[in-house]
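To keep things clear, I will list the structure first and then write my remarks on it.
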Amino acid sequence: MAVGILTGGGDCPGLNAVIRALVKTLQQKLPEEKIIGFLDGFRGAIENRSVPLTTKDVVGLLPKGGTILGTSNRDNPFKFPISVNGTLEFHDVSDTVIENLHKNNIEVLFVIGGDGSLSIAHELSQKGVKVIGIPKTIDNDLDATDFTFGFDSAVRTATKALDMLHTTAESHHRIMVLEVMGRYAGWIALYSGLAGGADVILIPEIPFNWDAVCRKIQQRKAEGKHFSIVVVAEGAYPEGGERVIARYVKESTDPARLGGIGQVVADHLSRCTGLESRVTVLGHLQRGGGPTPFDRILATRFGVAAVNTWLQGNYNVMVAFLGGRVTTVPLSEGIKKLKLVPVDSELIVTAKAIGISFGDE
Ligand code: F6P
């Protein structure tokens with residue numbers, strides 16, 4: 001028999017670390033079991049493209065960014081994009097996935113993914129496939145786990161960017177706006193803004209008031225601080241306004257890709273304060289590079305826990321990090337809702353206590 005592994009959705013630092021942990025644990029506990037890695041997310045399971053994995057294949061993977069298996073954030077087998085006479089149609093090809101799993105004698109499929117891939121995993125489980133979910137995403141927006149791996153690494157990159165923007169902001173007396181990822185959640189903006197000493201943090205959970213943001217920058221100017229640092233989450237938007245969408249990926253079941261609010265904020269702040277502004281869109285740098293020590297450890301714990309969970313006879317669950325411990329939750333719970341920043345959270349209260357503005361007062 002064999003086990004299957006796939007990485008789905010947007011990549012993030014730590015995916016390779018999980019693959020390594022899964023393979024090492026499996027080979028130690030079940031040396032006879034074949035390990036099959038499906039390529040390019042669910043597309044590999046649909047097209048039956050895979051590679052065998054042994055401990056030799058995971059040598060040196062712990063610090064390596066990306067995923068050796070490849071990934072995709074647009075290949076949902078329940079709504080698979082197929083061009084029919086030039087028109088894009090979405091077909092349910094989940095039975096093909098199930099056939100391919102049977103062909104490969106797959107007993108259990110480890111799906112390493114965010115809310116999209118774990119929702120697919122859940123749908124497959126309802127058709128009888130045994131799956132174990134492993135949550136990843138830089139966005140940290142899965143409700144059933146305190147942290148996903150990838151998040152800490154993205155925060156590291158965004159914080160480093162803020163440190164670097166500080167020096168040039170100060171030299172040129174400018175407003176520097178950093179746009180970070182996170183989709184509909186403001187976790188990356190909040191954490192990096194706190195760690196990087198931002199003056200203003202704009203997150204989707206708190207629609208901002210233009211006057212309040214301008215006031216904050218003007219107040220700094222009046223205090224003799226002729227530069228300001230603003231972190232804006234890609235999903236942030238002004239009161240009564242809308243999110244800025246950078247592009248639509250029509251093959252994707254979640255086609256809107258956010259982006260562009262940073263420039264809008266920079267332009268507005270220049271106008272209302274008379275200070276020069278510049279915007280940096282951090283983009284996919286947040287998903288690149290190797291994982292931080294925290295993410296390496298979390299990914300390793302998740303990988304080992306996922307194998308142990310299956311060996312204990314459990315499946316259709318997701319491993320999760322709750323209250324400092326690795327545990328499991330039913331997959332259905334794991335995908336129920338997105339985890340947004342609670343507006344009254346201790347982190348927001350802390351940030352406000354040191355004068356950081358969220359553009360709401
Ligand atoms: O979910 C991870 C993420 O990086 C989001 O933060 C971002 O909105 C999106 O993926 C970008 O997607 P793509 O790689 O398709 O541009």
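Numbering of residues begins at 1 and proceeds along the displayed sequence. Whatever order the structure lists ligands and atoms in, that order sets their numbers, starting from 1.
Distance from atom 15 (O) of ligand 1 to its nearest protein heavy atom, with residue and atom name: Arg257 NE, 2.7 Å. Atom 4 (O) of ligand 1 has Arg287 NH1, 2.8 Å as its closest protein atom, hydrogens excluded (heavy atom only). At the shortest separation from atom 7 (C) of ligand 1 among protein heavy atoms lies Glu234 OE2, 3.4 Å.
Remark: of the listed residues Lys221, Arg220, Arg174, Arg220 is the sole one forming a side-chain hydrogen bond (donor to acceptor under 3.5 Å, both in side chains) with Ser228.
Against a heavy-atom cut-off of under 4.0 Å, Arg183 is close to the following atoms of ligand 1: 5 (C), 6 (O), 8 (O). Each of the following atoms of ligand 1 lies closer than 4.0 Å to a heavy atom of Gly182: 6 (O).
In summary, the side chains of Gln312 and Asn308 do not present any donor paired with an acceptor at a separation below 3.5 Å, with no hydrogens or angles considered.
Between Phe302 and Phe321, the gap from one ring centroid to the other reaches at least 6.0 Å. Between Phe151 and Tyr191, the distance from one ring center to the other falls under 6.0 angstrom.
Counting heavy atoms from C-beta on, the side chains of Ile5 and Leu53 come closer than 4.5 Å.
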> Stepwise, does the side-chain contact (heavy atoms from CB on, under 4.5 Å) test hold for Ile112 with Thr71?
Replying inline: CA-CA 10 Å; Ile112 311 166; Thr71 188; over 6 Å; no
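By the 4.0 Å heavy-atom criterion, Val249 is excluded from the residues contacting ligand 1. Ligand 1 has at least one atom lying under 4.0 Å from a heavy atom of Asp139. Using a 4.0 Å cutoff on heavy atoms, His284 counts as a contact of ligand 1.
Counting heavy atoms under 4.0 Å from ligand 1, residue Ile138 touches it through the side chain alone.
Across all their heavy atoms, Val341 and Ser345 have their closest contact at CG1-OG, 4.2 Å.
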